[in-house]
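Comments concern the structure below.
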Amino acid sequence: MSGITYIRGDATAPSVKGVKVIAHVCNDIGGWGKGFVVALSRRWPEPEAAYRAWHRDRASNDFALGAVRLVQVERHVWVANMIGQRGIRTGSKGVPVRYEAIDTALARLADHAIALGASVHMPRIGCGLAGGRWSRVEPLIDERLARRGIPVTVYEHGG
């Protein structure tokens with residue numbers, strides 16, 4: 001369907017050359033501790049610390065659905081904290097994923113990736129704890145990143 005490459009492996013350890021951005025979806029309530037973020041925190045403390053500070057100071061910054069913050073974790077590796085889910089529980093308004101917020105965040109991520117000359121790496125964002133459907137997320141990634149010439153790799157975890 002797209003310019004998205006699918007591989008089995010660990011999205012926190014992209015093995016391509018050049019500048020890399022590892023993208024993932026965060027919630028809008030300051031929660032960090034389940035899902036893909038556990039793997040991120042195992043490798044680097046900076047993404048969680050930056051997310052928590054961003055949330056804590058949200059009255060005076062852009063912390064909201066659709067926002068993105070890049071955190072440099074190694075010389076050529078950045079992590080993109082993208083706010084793409086409302087809360088953490090499925091309730092009367094459905095699952096936590098917010099496709100419009102992911103779309104907005106991906107468009108902002110694309111600008112960062114182009115400026116950095118970076119490839120983008122991710123799990124199936126928005127489809128784990130956020131409850132989203134890949135059939136809705138994949139076209140957003142294709143439209144916002146792949147069609148702008150940004151190499152995108154989606155990682156399937158496990159063997």
Side-chain angles (χ1 to χ4, degrees), residues 1-5 11-12 14 19-41 44-73 77-155:
M1 163 189 169
S2 64
I4 301 171
T5 301
T12 69
V19 179
K20 299 165 272 293
V21 175
I22 299 167
H24 72 108
V25 167
C26 303
N27 62 65
D28 66 348
I29 61 168
W32 182 290
K34 290 188 174 180
F36 183 69
V37 299
V38 174
L40 285 174
S41 290
W44 307 286
E46 297 92 346
E48 178 179 359
Y51 171 78
R52 291 192 185 281
W54 187 23
H55 177 261
R56 186 174 51 249
D57 300 332
R58 66 192 177 281
S60 59
N61 66 37
D62 65 342
F63 186 95
L65 287 169
V68 179
R69 284 274 175 102
L70 267 66
V71 181
Q72 191 166 15
V73 293
V77 182
W78 299 74
V79 171
N81 290 336
M82 305 188 302
I83 311 300
Q85 74 181 68
R86 163 90 60 210
I88 56 173
R89 292 194 167 74
T90 297
S92 60
K93 294 193 174 22
V95 294
V97 71
R98 293 294 178 265
Y99 298 109
E100 318 74 42
I102 290 175
D103 188 43
T104 300
L106 288 169
R108 291 173 173 157
L109 172 61
D111 293 336
H112 289 293
I114 289 167
L116 291 167
S119 55
V120 175
H121 305 264
M122 64 182 72
R124 288 187 180 231
I125 59 169
C127 296
L129 297 172
R133 292 196 318 270
W134 189 245
S135 61
R136 297 266 317 265
V137 176
E138 184 185 42
L140 303 176
I141 296 166
D142 187 51
E143 176 74 25
R144 297 299 183 180
L145 300 174
R147 290 190 191 173
R148 289 186 68 186
I150 300 163
V152 178
T153 303
V154 173
Y155 293 74

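Only a predicted model underlies this, so the values are computations on that prediction, with no experimental measurement involved. Sequence positions, counted from 1, serve as the residue numbers for this chain.
- The side chain to side chain donor-acceptor pair (under 3.5 Å) check on Glu143 picks up Arg147, with sequence neighbours excluded.
- Summarising the geometry of Leu129 relative to Gly35, their closest heavy-atom pair is CD1-N, 3.5 Å, with the distance given to 0.1 Å.
- Evaluation of the side chain to side chain donor-acceptor pair (under 3.5 Å) rule for Arg89 yields no partner, not counting sequence neighbours.
- Lys20 contributes atom NZ, which lies 10.5 Å from atom OG1 of Thr153 (distance to the nearest 0.5 angstrom).
- When all heavy atoms are compared, the tightest approach of Trp32 to Ser41 is NE1-OG, 2.7 Å.
- Remark: Val38 pairs with Arg42 by the side-chain contact (heavy atoms from CB on, under 4.5 Å) rule, at least two apart or across chains.
- For Arg144, the salt bridge (charged side-chain N to carboxylate O under 4.0 Å, His left out) partners at least two apart in sequence or on another chain are Asp103.
- To the nearest 0.5 Å, atom CE of residue Met122 and atom CD1 of residue Ile141 are 4.5 Å apart.
- Evaluation of the ring pair (Phe, Tyr, Trp, His ring centres under 6.0 Å) test over residues 83-113, restricted to residues two or more places apart or in two chains, returns none.
- Among residues at least two apart or in separate chains, side chain to side chain donor-acceptor pair (under 3.5 Å) pairs with a member in residues 118-133 are Ser119-His121, His121-Tyr155, Arg124-Glu156.
- Legend: residues meeting salt bridge (charged side-chain N to carboxylate O under 4.0 Å, His left out) with Glu100, ordered by chain and number and at least two apart, are absent.
- Here the straight-line distance linking atom CD1 of Ile4 with atom CG of Leu145 works out to 8.0 Å at 0.5 Å rounding.
- Residue Leu65 comes nearest to Ala101 through the heavy atom pair CB-CB, 3.8 Å, listed as atom of the first residue, atom of the second, then distance.
- Residues satisfying the salt bridge (charged side-chain N to carboxylate O under 4.0 Å, His left out) test with Arg52, not counting sequence neighbours, are Glu48.
- Expressed to the nearest 0.5 Å, how far CG of Leu116 lies from CD1 of Ile150 amounts to 10.0 Å.
- Applying the side-chain contact (heavy atoms from CB on, under 4.5 Å) rule to Ala80 yields the partners Val21, Ala23, Val68, Leu70, Met82, Leu109; only residues at least two apart in sequence or on another chain are considered.
- The closest side-chain heavy-atom distance from Leu40 to Tyr51 is not below 4.5 Å.
- Between Ile29 and Gly87, the closest heavy-atom pair is CG2-CA, 4.0 Å.
- Here the shortest heavy-atom pairing between Ala113 and Val120 reads CB-CG2, 4.0 Å.
- Checked against side-chain contact (heavy atoms from CB on, under 4.5 Å), Ala50 has the following partners two or more places apart in sequence or in another chain: Val71.
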Show your reasoning for whether side chain to side chain contact (heavy atoms under 4.5 Å, CB included) applies to Asn81 and Val79. CA-CA 6 Å; Asn81 290 336; Val79 171; 3.8 Å; yes
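- Here Arg86 pairs with Asp28 under the salt bridge (charged side-chain N to carboxylate O under 4.0 Å, His left out) rule; sequence neighbours left out.
- The shortest heavy-atom contact between Phe63 and Asn27 is CZ-O, 3.8 Å.
- Applying the side chain to side chain donor-acceptor pair (under 3.5 Å) rule to pairs touching residues 55-65 yields Trp54-Asp62, His55-Arg58, Asp62-Arg69, sequence neighbours excluded.
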